2 protein chains.
Amino acid sequence: MKKEKEIFNQFLSRKNLRATPQRDLVLDVFLTREDHITAEQLYDVVKKNDPSIGQATIYRFLKLMLDAGLAREVDFGDGVMRYEGSYNHPHHDHLICRGCGKTIEVVDSVIEELQRRVAESFGFELTDHEMYLYGLCEVCRKK
Amino acid sequence: MKKEKEIFNQFLSRKNLRATPQRDLVLDVFLTREDHITAEQLYDVVKKNDPSIGQATIYRFLKLMLDAGLAREVDFGDGVMRYEGSYNHPHHDHLICRGCGKTIEVVDSVIEELQRRVAESFGFELTDHEMYLYGLCEVCRKK
DNA sequence: TTGTTAATGATAATCATTATCATCACATGA
DNA sequence: TCATGTGATGATAATGATTATCATTAACAA
Ligand SMILES: [Mn+2]
Ligand SMILES: [Mn+2]
Ligand SMILES: [Zn+2]
Ligand SMILES: [Zn+2]
């Protein structure tokens, strides 16, 4: 919590950008959320604390967070981008239930290594990847 | 080529839909394309043969192809959906160059098996997955 | 305090995709 | 043949997320 704010403010000053109460507030709200949040959802929560905030500010904030390396985008394929904090939250992939939408964060070091090898076998140097596993959770399977 | 048309027309009659010259034409064009094509690109090519065709027909056609199991969607994350034929073209994943956009179709049976296991370890039954490997190809690396 | 310049919020614009709707075409049956 | 029901088409409007624009406000360094 404290560390992210520090990093964000360092990022701002390094880029000659300014600390503003709006950015402070949005960051606070973002940090309380642990899940994968959309800009709209973030906007709705922030508005409760400051009804005068514009949603453009939310979108701009999220871009900054990506740039600062404090957030990453998650695309579940439903046409809306989601965001998750990346500080103290290393790379992982997602397992999503087609029934109820529940998501689980997963990581498999063997898969990660094989991905690198597959890429190399085609002369590629792997920079990143996206992997989404879709299925039915235990609950949804009982129907 | 011949088989896909047969399957598509069977699909149409089974669903009480009609065979039309537009659908014939669009299917012909789609089948000549081997890559991952966008609706817009497909529309542009089809227009050369029939300038009177509407792009809504293209979108509607692609939906039918998905429904018929003759095509699948590919999402490279650039905001545009792409389509590839799925007849005689089994599941695979994609390796994409961040430099030039070149795509390579890859499949690794060990990864596929591990994906299933990861899902199972969380009580999920895996139905499908998406995996996109991003990197730099040999050519783009030399810069 | 002031001057420079970034930030904000309202709003318009984008862009891919969908929905709407009047018209057309095709199959079927009187 | 003709009427008719219904799916298909193409033009166009609508949608929805995201981005751009712009006049105004506010940080912050000198
Ligand atoms: Mn996550
Ligand atoms: Mn492919
Ligand atoms: Zn579920
Ligand atoms: Zn390349």
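Throughout, protein chains are lettered first and strands after them, A, B, ... in sequence-line order, and every chain is numbered starting at 1. Note that the structure is predicted; figures quoted are calculated from it, not measured.
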Hey, is the main chain of A:Arg18 close enough, under 3.5 Å, to the side chain of A:Arg23 for a donor-acceptor pair?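 Between the backbone of A:Arg18 and the side chain of A:Arg23 there is a qualifying donor-acceptor contact (under 3.5 Å).
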Atom [atom1] of [X] to atom [atom2] of [N]: distance rounded to whole Å?
X	N	atom1	atom2	answer
A:Met81	C:dC15	CE	P	17 Å
B:Arg18	C:dA25	CZ	P	12 Å
A:Asp78	C:dT17	CG	C1'	15 Å
B:Asp44	C:dA16	CG	P	11 Å
B:Ile58	D:dA11	CD1	C1'	15 Å

Side-chain N or O of [X] less than 4.0 angstrom from OP1 or OP2 on [N]?
X	N	answer
A:Arg23	C:dT8	yes
A:Thr20	C:dA7	no
A:Gln55	C:dT11	no

What contact category does [X] fall into here, base, sugar-phosphate, or nothing, at under 4.0 angstrom with non-hydrogen atoms?
X	result
A:Lys63	sugar-phosphate
A:Pro21	sugar-phosphate
B:Arg60	base
B:Ser52	sugar-phosphate

Here's a test of your reading of the structure: between B:Ala19 and B:Ala56, which maps to the more 5' nucleotide of DNA chain C?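 It is B:Ala56 whose nearest nucleotide is closer to the 5' end.
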Mapping A:Arg82 and B:Tyr43 to their closest nucleotides on DNA chain D, which lands nearer the 5' end?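 Taking each residue's closest nucleotide, the earlier one in sequence belongs to B:Tyr43.
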A:Val80 or B:Leu64: which one's nearest nucleotide on DNA chain D is closer to the 5' end? B:Leu64
Nearest-0.5 Å distance, OH of residue A:Tyr134 to OG1 of residue B:Thr127: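 Nearest 0.5 Å value for the OH-OG1 distance: 9.5 Å.
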Nearest-neighbour nucleotide for the A:Thr57 side chain, C:dA25, C:dT8, C:dA6 considered: C:dT8
Closest to the A:Tyr59 side chain: C:dT8, D:dT18, D:dC28? D:dT18
Is any side-chain N of the basic residue among A:Asp35 and A:Arg82 closer than 4.0 Å to the acidic one's carboxylate O? no
Option passing side-chain contact (heavy atoms from CB on, under 4.5 Å) with B:Gln41 (candidates B:Ile37, B:Val45, B:Asp44): B:Ile37
Could you check, using the six-membered ring where one of them is a Trp, whether A:Tyr87 and A:Phe8 have ring centers closer than 6.0 angstrom? no
